Amino acid sequence: MKRDYFDSEPRSNEEIDGKPCRTCVDFKTWAKLTGKSGAKRGKNCPLDKDQLGRNTWSFLHTMAAYFPDRPTDEQQRDMKTFINLFSKFYPCEYCAKDMQVDIANDPPKTGSRSDLSLWFCNLHNKVNKKLGKPLFDCSKVDQRWFHGWDD
Ligand code: FAD
């Protein structure tokens, strides 16, 4: 099924240039849709939805962990712009569309490193909830993405 870039509903059979969208589905689904066995899944292959998601969350949470404690007005503006643009270009279009809705309902909090870390944690939890995954305890976000786990 061919879709416009910002069409909203998730579709496991959505296509880009006539091919199943790899970043919109997990690898198994992609292999099924393309009729490929999946046996040749190697290290240097394009990302599927879940690999893309894991890598992207790692970047976003780490970026938030290193955001200034006292950001300037310009840094705050830039971060908001970054998040808005990011949500337009994230290469899983229904994920991006949902993120745009989440951002509209709860705009990015950029007042400090800890505000931003918590905001991303809550955003990630909205996706976790949608996917039926356990929610992450956001009081531990710095241990996970900044200081490391307490012993
Ligand atoms: P991930 O959810 O990728 O998490 C990686 C690690 O982050 C976890 O191991 C955990 O240690 C930590 N973590 C988990 N939750 C939190 C949190 N709340 N705060 C801080 N750290 C946390 N997939 C879809 O199927 N549908 C979607 O609509 C969708 N939307 C997405 C939107 C965005 C912006 C991104 C970046 C990804 C989206 N994904 C979506 C992918 C999805 O969120 C997961 O990345 C993917 O399912 C792989 O999940 P995972 O279990 O490996 O862990």
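None of these values were measured; they are calculated from a predicted model. All ligand and atom numbering here is 1-based and tracks the order in the structure.
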*Side chain of D48, backbone of Q51: donor and acceptor closer than 3.5 Å?*
yes
*Heteroatom proximity flag, D50 to ligand 1, N/O under 3.5 Å*: yes
*Does the disulfide bond (SG atoms under 2.5 Å apart) test come out yes or no for C121 and C138, once each step is laid out?*
CA-CA 6 Å; C121 187; C138 288; 2.0 Å; yes
*State whether the side chain of W145 and the backbone N or O of L60 hold a donor-acceptor pair below 3.5 Å, judged by distance alone.*
no
*Given F120, F136, F86, W57, which one has a non-hydrogen atom that is nearest to atom 17 (C) of ligand 1?*
F136
*asked:* Please list the nearest protein heavy atom to atom 15 (N) of ligand 1 with its residue and the distance rounded to 0.1 Å.
replied: N128 ND2, 3.0 Å
*Which residue and non-hydrogen atom of the protein lie closest to atom 25 (O) of ligand 1, and at what distance in Å?*
K49 NZ, 2.8 Å
_Protein contact to atom 28 (O) of ligand 1 [nearest heavy atom, distance to 0.1 Å]_ = K130 NZ, 2.5 Å
*Considering distance alone, does some N or O of C121 sit under 3.5 Å from an N or O of ligand 1?*
yes
*M79, V141: one ILVMFWY side-chain cluster at the under-4.5 Å cut-off?*
no
*Counting N and O atoms only, with roles assigned by atom type, does the side chain of D106 sit under 3.5 Å from a partner on the main chain of D102, one being a donor and the other an acceptor?*
no
*Output all residues satisfying side-chain contact (heavy atoms from CB on, under 4.5 Å) with P68, sequence neighbours left out; order by chain, then residue number.*
P71, Q75
*asked:* Taking salt bridge (charged side-chain N to carboxylate O under 4.0 Å, His left out) as the cut-off, I'd like each qualifying pair that reaches into residues 62-73, sequence neighbours left out, listed once.
replied: D69-R113
_Among K126, H124, K140, which one puts a heavy atom closest to atom 1 (P) of ligand 1?_
H124
*Using a 4.0 Å heavy-atom threshold (strictly under), name the region of N125 that reaches ligand 1: side chain, backbone, both or neither.*
both
*Ignoring angles and geometry beyond distance, decide whether W145 reaches within less than 3.5 Å of ligand 1 through its nitrogen or oxygen atoms.*
yes
*Would you call K133 a ligand 1 contact, heavy-atom distance under 4.0 Å?*
yes
*May I ask you to identify the nearest protein heavy atom to atom 6 (C) of ligand 1, giving residue, atom name and distance to one decimal place in Å?*
R144 NH2, 3.9 Å
_Straight-line distance of L135 CG to K126 NZ, nearest 0.5 Å_ = 11.5 Å
*For atom 53 (O) of ligand 1, which protein heavy atom lies nearest, and how many Å away is it?*
R54 CG, 4.0 Å
*asked:* Counting only heavy atoms, tell me which of S87, C95, C92 gets closest to atom 40 (C) of ligand 1.
replied: C95
